[in-house]
Peer 1: 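Have a look at this one.
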Amino acid sequence: MAYDFKEIEKKWIPQYEEFDGYKGIDFENDKEKFYMLTEFPYPSGSGLHVGHAFAMTAADVYARFQRMQGKNVMFPMGWDAFGLPAENYAIKTGRNPKEITKEVTDMFRSQMKKLGFSFDWDREINSTSPDYYKWTQWIFTKLFEEGLAEKKEMPINWCPKDKIGLANEEVIDGKCERCGTEVEKRTISQWVVKITDYADRLINGLYDTEFIEKVKAAQINWIGKKEGAKIRFEVKGHPEKLEVFTTRPDTIAGATFMVIAPEHALVGELLEGHSDNVSRVKEYLENIKGESEMQRTDASREKTGVFSGLIAINPITNKEIPIWIADYVTMSYGTGAIMAVPSHDDRDGEFAQKFGLEINETYTPDDQMMEEIEKRGMGEKAVTYHLRDWIFSRQHYWGEPIPMVYCERDGWVSVPAVDLPVVLPDVEKYLPTDTGESPLANIKDWVETTCPKCGGKAKRETDTMPNWAGSDWYFLRYCDPNNQDVLADMKKMEYWMPVDVYVGGDEHNTLHLLYSRFIYQFLWDLAVVPKSIPEPYKKRISHGVILGPDGNRMSKSKGNVIVPDEFVEKYGADSLRTYLMFMGPFDATMAWNERSLIGVRRFIEKFYNLIELHAGTGEVTDDESKKVIHQLIKQATEDVAEFKFNTVIARLMETVNTLSKPGFKIGTNDLGSVVKVLALFAPFVAEQLWSDLGEVFSVHNQEWPVYDEKYLLSERVNLSVQVNGKMRGLVSISPDAEEQTVILEVKKSEKINKYLEEGEIRKIIYIRGKTINFVVG
RNA sequence: GCCGAGGUGGCGAAAUGGUAGACGCACUAGCUUUAGGAGCUAGCGGGGCAACCCAUGGAGGUUCAAGUCCUCUCCUCGGCACCA
């Protein structure tokens with residue numbers, strides 16, 4: 001029978017429904033546990049993307065490998081299903097996002113099964129299920145109770161068209177992600193989570209992990225810890241001193257002016273005063289008000305600013321220095337005020353140049369300066385972070401309701417655990433209201449409630465959580481997905497945690513990864529996760545990106561989107577999976593190429609034919625076949641462990657090419673070993689071939705083959721002969737031949753001898769089994 | 001500007017400091033007469049009839065030996081960015 005992937009898939013896919021080989025078993029202490037995690041997708045209406053297929057196939061290959069190595073593997077999957085696209089679709093169609101989510105997750109699940117991912121479906125979770133978000137809400141109440149969440153006035157990105165607050169990540173190039181309108185800054189009351197309290201721990205915790213370098217760097221960079229000093233400058237005629245943050249207190253003698261942000265409190269005070277400069281300051285503020293966030297943060301832009309009329313005193317030089325207002329200084333970093341050292345800082349220099357301010361070229365940085373500053377009480381050492389507190393409110397419908405109640409008497413009160421979850425109510429309209437509140441604000445009898453503390457009248461919070469909330473702790477829920485009493489059973493977490501390998505995309509290296517590490521550390525402080533495990537993820541690796549056939553990032557507008565289903569249909573899931581893993585290194589950026597996929601398809605066909613040819617013949621494997629097969633096993637064992645899948649597939653191809661030549665005899669056992677290697681990549685055809693070899697279901701819970709060194713030893717090896725470092729020929733010789741034997745053999749070759757006779761042999765370097773180099777001169 | 005990853009045939013890519021280009025795609029020639037994006041054999045970095053010579057972004061260096069290690073430099077991609 002010829003290879004027919006449709007028949008094979010039709011036959012085997014249903015068999016895995018009841019298959020327990022893919023399930024992780026709690027407390028299976030006879031085996032080593034292995035927790036393999038790949039990011040749970042946002043299930044969008046357009047279905048599983050080829051990027052998902054790529055990342056998940058890689059994780060699947062690795063999970064299968066660990067399983068065959070005899071480990072008890074947990075490889076779960078779920079849905080991160082709250083979010084804007086479902087809400088937008090609901091707004092457009094008037095349909096309930098709950099229904100839409102159900103349809104879409106059903107579609108995703110079925111696509112994943114068709115692709116042969118070995119997920120443990122008993123552990124499936126859904127962030128939009130009340131059973132799940134009960135605990136997302138519970139975590140929030142704890143943050144509040146521990147003083148890490150508070151509601152305060154915060155400037156946010158505001159879309160004037162949609163009348164909605166946007167998170168930074170929802171602003172693309174200064175424009176609203178949904179409608180493309182330029183966003184404005186607006187101040188509204190928002191829940192804020194103090195992730196900055198954990199900044200140092202989020203850095204230090206990285207040293208306990210085996211994250212790849214790039215991920216560690218991205219996190220450290222994002223947190224942006226800077227050590228420096230806070231220094232106070234006297235302002236003439238003003239009672240309060242002006243505090244600045246600087247990383248270079250040693251350069252203070254070079255500070256010839258100061259700059260404050262337009263939002264700085266001092267500017268507000270100034271406008272109430274009678275300075276001659278007030279009108280000019282007002283004019284400047286008016287000018288920059290119209291600027292978008294994007295314009296303001298464009299580093300290449302020419303600097304603008306205005307003299308405030310205020311004069312400060314440099315505490316070291318005692319010179320009077322002017323205070324300027326400029327938008328290149330922002331309130332969100334440091335103190336919103338700087339001492340400008342134009343001779344040392346490019347931006348300050350540029351500013352001084354433009355406005356004709358003094359530049360002190362003669363000063364030199366002074367190592368003792370900090371000591372002096374502290375002694376004189378002018379300032380002290382300080383640390384500042386780029387990481388900002390996490391704005392946790394969204395005025396959207398499709399998210400977890402923030403489980404808080406506002407009482408006139410008691411202020412904000414968290415909903416007690418017994419009353420959780422606060423279920424997201426059904427609404428008529430999913431659009432935000434004119435006031436910028438979430439649609440929940442329209443449901444009177446939901447909003448109006450009683451205070452959990454005093455029993456008096458109170459109102460519910462109508463904002464919902466950001467889409468990061470559900471993914472902050474999902475890896476814990478997989479350990480115990482149906483627990484009604486706690487977020488996950490402690491013993492089960494102790495067994496499964498930490499995540500051994502977490503495969504994900506670079507786009508989540510800062511936000512998701514940092515947020516979830518923060519929440520885990522917070523839960524650790526609450527002692528609701530195992531005390532012995534301070535970090536949730538042992539190893540984080542990031543997968544590559546698949547570009548469209550034109551070499552560009554896939555996008556609907558470019559029309560270069562690859563939909564995996566189409567290729568499953570055309571060439572089969574096995575070919576698609578194997579091609580995805582063969583494209584290049586696991587972490588590289590690679591362009592889609594259908595011709596190469598066809599090449600992989602040819603290989604699978606050839607593989608199929610090879611096994612079919614030998615199956616049931618009762619052959620005894622000959623030495624040459626043994627050698628080829630054991631080389632394959634060795635390379636596969638080593639390379640799969642390092643996520644080097646492309647080279648394993650190359651070796652599989654070589655193996656099949658060699659063994660397909662006439663004359664090889666291969667027994668069932670050895671055929672089985674080769675099928676097991678293929679099973680990682682092409683699970684369905686491997687299952688078929690395993691069955692054709694007369695073996696019992698399933699190839700996927702077999703033991704990984706072990707190679708025997710004795711088959712890898714060769715009697716002869718081609719030794720490269722170099723003369724003065726240049727390759728001059730090969731001699732076929734025993735790999736452990738003595739140097740004298742090699743030299744005798746080399747001398748037999750006229751071709752090589754010619755070079756040896758060009759001079760006297762001064763030195764011979766012989767590397768057994770590899771090379772011999774004659775230094776002639 | 002900072003951080004990270006890279007630069008090897010027409011293309012995707014391989015190479016514990018030891019035969020550069022495995023494997024795949026595309027291409028060429030020959031054989032097969034083939035309803036399936038076929039199969040088989042051979043060739044396939046550049047130059048040269050050849051012996052050989054030249055080739056891993058560029059320039060130096062270490063070494064018997066460098067794509068691989070070191071120094072400098074150019075470029076590409078990804079992330080962050082008026083970070084004080």
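Side chains are part of it too, since the values below use all heavy atoms of this structure and drop only hydrogens, waters and symmetry mates. Every chain is numbered from 1 and lettered A, B, ... according to where its sequence line falls, protein lines coming before strand lines.
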Peer 1: For a quick check under 3.5 Å, do A/S516 and A/Y537 share a side-chain donor-acceptor pair by atom type?
Peer 2: yes
Peer 1: Taking only the side-chain heavy atoms of A/R595 (C-beta and beyond), determine which of B/A14, B/C23, B/G37 contains the nearest atom.
Peer 2: B/G37
Peer 1: Which value, in whole Å, describes the distance between the P atoms of nucleotides B/C27 and B/G78?
Peer 2: 31 Å
Peer 1: In whole Å, what is the span from the OH atom of A/Y608 to the C1' atom of B/G39?
Peer 2: 18 Å
Peer 1: Go nucleotide by nucleotide along RNA chain B from the 5' end; which of A/K606 and A/F774 gets its closest nucleotide reached first?
Peer 2: A/K606
Peer 1: If you assign A/R651 and A/D348 each to the RNA chain B nucleotide with the nearest heavy atom, which residue ends up on the more 5' nucleotide?
Peer 2: A/R651
Peer 1: Do we see a donor-acceptor contact under 3.5 Å between the side chains of A/T256 and A/N360?
Peer 2: no
Peer 1: So which nucleotide does B/G4 pair with, by the Watson-Crick or G-U wobble rule with both distances under 3.5 Å?
Peer 2: B/C77
Peer 1: Do other residues, nucleotides or ligands put more than 12 heavy atoms under 6.0 Å from the CG atom of A/N204?
Peer 2: yes
Peer 1: Expressed in angstrom and rounded to an integer, what is the separation of A/I772 atom CD1 from B/G18 atom C1'?
Peer 2: 12 Å
Peer 1: Roughly, in whole Å, what's the span from CG in A/D327 to C1' in B/C82?
Peer 2: 9 Å
Peer 1: So with a 6.0 Å cut-off around NZ of A/K216, is the heavy-atom count from everything else above 12?
Peer 2: yes
Peer 1: To the nearest angstrom, how far is A/K644 atom NZ from B/A22 atom C1'?
Peer 2: 13 Å
Peer 1: Would you say the side chains of A/R716 and A/S732 form a donor-acceptor pair under 3.5 Å?
Peer 2: yes
Peer 1: Within the 4.0 Å heavy-atom criterion, would you say A/D587 contacts the bases, only the backbone, or no part of the nucleic acid?
Peer 2: nothing
Peer 1: Please work out if A/Y385 contacts a base, only the sugar-phosphate, or nothing of the nucleic acid, heavy-atom cut-off 4.0 Å.
Peer 2: nothing
Peer 1: Now, which nucleotide makes the Watson-Crick or G-U wobble pair with B/G12, with each of the two distances under 3.5 Å?
Peer 2: B/C23
Peer 1: With a 4.0 Å heavy-atom cut-off, tell me which residues in residues 211-224 of chain A come close to RNA chain B, sorted by residue number.
Peer 2: A/K214, A/A217, A/N221, A/W222
Peer 1: Taking atom P in both B/G10 and B/G4, what distance in whole Å separates the two?
Peer 2: 32 Å
Peer 1: Classify the nucleic acid contact of A/Q722 as base, sugar-phosphate or nothing, counting any heavy atom under 4.0 Å across all strands shown.
Peer 2: base
Peer 1: Work out how far the C1' atom of B/G7 is from that of B/A13, and round it to whole angstrom.
Peer 2: 13 Å
Peer 1: Using the P atom in both, what is the distance from B/U19 to B/U56, to the nearest Å?
Peer 2: 16 Å
Peer 1: Can you tell me how far P in B/G43 sits from the matching atom in B/G36, rounded to whole Å?
Peer 2: 32 Å
Peer 1: Using the P atom on both, measure B/C72 against B/C11 and round to a whole Å.
Peer 2: 31 Å
Peer 1: For B/A50, which nucleotide is its Watson-Crick or G-U wobble mate, given both distances must be under 3.5 Å?
Peer 2: none
Peer 1: Please tell me if the side chains of A/T384 and A/K230 come closer than 4.5 Å, counting only heavy atoms from C-beta onward.
Peer 2: no
Peer 1: Distance between the P atoms of B/C53 and B/C3, in whole angstroms?
Peer 2: 43 Å
Peer 1: Taking only the C1' atom of each, what is the distance from B/G58 to B/U8 in whole angstrom?
Peer 2: 15 Å
Peer 1: Check every strand shown and say whether A/Y755 touches a base, only sugar-phosphate, or nothing at a heavy-atom separation below 4.0 Å.
Peer 2: sugar-phosphate
Peer 1: How many Å lie between CG on A/N773 and P on B/G18, as a whole number?
Peer 2: 13 Å
Peer 1: With a 3.5 Å limit on both atom pairs, tell me what B/C64 is paired to, counting Watson-Crick and G-U wobble, or say none.
Peer 2: B/G18
Peer 1: Could you measure the distance from the NE2 atom of A/H386 to the NZ atom of A/K226? Nearest 0.5 Å is fine.
Peer 2: 9.0 Å
Peer 1: Just so I know, are the side chains of A/E39 and A/Y502 near enough to count as touching, which here means a heavy-atom distance under 4.5 Å?
Peer 2: yes
